[in-house]
Amino acid sequence: MHFNGKRILLGVSGGIACYKAVELARRLVTAGAQVKVVMTKGAQEFVTPLTFAAITGQTVGTGLFGPGIHPLEHIWLGQQVDALILAPATANLIGKFAAGIGDDLLTTILLAATRPVLLCPAMNCEMYANPVVQENLARLEHRGVTVLRPGVGPLACGAVGYGRLPEVEDMLAALSRLVSPQDLAGRHLLVTAGPTHEDLDPVRFLTNRSSGKMGYAVAKAAWRRGAEVTLVSGPTALPPPYGVEVVQVRAALELLAVLRERFPTADALIMAAAVSDYRPESLASTKLKRGSRAQELRLVQNPDIVKELAALKTHQVLVGFAAETGDLLAEGRRKLEEKNLDLIVANEVNRPDAGFAVDTNEVTLIPREGEPLALPLMSKDEVAERLLDWLAERLGGREAQGG
Ligand code: C5P
């Protein structure tokens, strides 16, 4: 979605991770991007240009000179795209880029490029740890190049360490930030997601059907739009979104403790977690045994977290969610008032395609000021975008607080 119609130049240099660049090209094309691949000589030893040409539907740049090569290609290729990604970037390519050497098509394009560059190094861990490589990366970062630090893990050379090309998913996420409007830049967003687990004994707990999908979608989209994001997550099966600081919690009281600490420096709190309203009165230290009679479970109320934080509000914008099965607008408004929120995202959960654990939702945005906005059924990713449109506008004229 975020790559629809975007023009991406994928620079591939010669390392074994070249095979992952093929997958990257494929994913970009599937996401709607127009992908122009430029390969170094070394890269062509690992993968043929034909592979990329077949995937992207475009000719692959392989050299500066030759028949059919436009004499100005090396100038405009890095200027007419939305972003450039170098994956994998070898120590040699990084060194030439940092030193300003242009001795082939890719390095010459980089010298003339005016668009954002995402550099994804991949090499042997000793090579990556070499101070000259680190210095070159620091120099490039200083000049505004975004470096996606390699992951740790087993390398093709048999060693284990830093040097792996980042996962395709992470490269896509980082690149999507470079091609998206940064309307939340400088903002710190606190987002909560998922259910809570309220322990009864060492093996049992009370919980609910929240999957965390809505909150994760908000966190991911907010980071892509430039925000610094802290996602406080209850237990979910979802992978941590790239770029987002994730704090894992289980019970409502833990969630409250983390939020109290982080709230003062946040610009907004988006409370998508499905917090349990009750917890067991006592926590058994050993597993509860089956008895001969019916058991009674005593529950006590959890604090209303978002309401407590609203009372501490200085400048923060507070957004809550309301899952309803009745009169959406009336109930939404009542909760907005009661919890002192700036916006409530209300949805009907009594239908199969909205609410808990599915990928779609149909919500109404009810702001404190202004008219409610009923959105049609859409993906949770799209709901997140619409919610952030409202937030970006709301935060618009304000100074970022930061911390
Ligand atoms: O009252 P209800 O649970 O429907 O309200 C939902 C909103 O309140 C959500 O944003 C949810 O995260 C928040 N909430 C909370 N603390 C609770 C219960 C709900 O912050 N104990």
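Read the numbers this way: they start at 1 and go in the same order the structure lists the ligands and their atoms. Since this is a predicted model, take the numbers as computed values, not measurements. Note that these values count all heavy atoms, side chains included, but never hydrogens, waters or copies made by symmetry.
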- line: To the nearest 0.5 Å, atom CZ of R386 lies from atom CG of L375 at 5.0 Å

Specify the protein heavy atom at minimum distance from [atom]: its residue, its atom name, and the distance to 0.1 Å.
atom	result
atom 2 (P) of ligand 1	K335 NZ, 3.5 Å
atom 20 (O) of ligand 1	V306 N, 2.8 Å
atom 9 (C) of ligand 1	F321 O, 3.0 Å
atom 16 (N) of ligand 1	I305 N, 3.0 Å
atom 18 (C) of ligand 1	D277 OD1, 3.2 Å
atom 21 (N) of ligand 1	P303 O, 2.9 Å

Pair [X] + [Y], salt bridge at N-O below 4.0 Å:
X	Y	result
K41	D104	no
R334	E331	yes
D199	R250	yes

query: Between Q316 and T314, does a side chain to side chain donor-acceptor pair (under 3.5 Å) hold up when you go through it step by step?
result: CA-CA 6 Å; Q316 297 85 349; T314 51; 3.3 Å; yes

Distance-only donor-acceptor pairs under 3.5 Å for side chains of residues 81-92, two or more places apart:
residue: D82; atom: OD2; partner: R7; partner atom: N; Å: 2.7
residue: T90; atom: OG1; partner: L93; partner atom: N; Å: 3.1

task: Check each heavy atom of A323 against ligand 1 and say whether those closer than 4.0 Å belong to the side chain, the backbone, both or neither.
output: neither

- request: Ignoring hydrogens, just give me the one of A273, G320, A322 whose non-hydrogen atom is nearest atom 11 (C) of ligand 1.
  value: A273

- line: Closest to atom 8 (O) of ligand 1 (heavy atoms only, candidates M271, K339, E331, E308) is K339

query: Is there a donor-acceptor pair closer than 3.5 Å between any side-chain N or O of R187 and the backbone N or O of L395?
result: yes

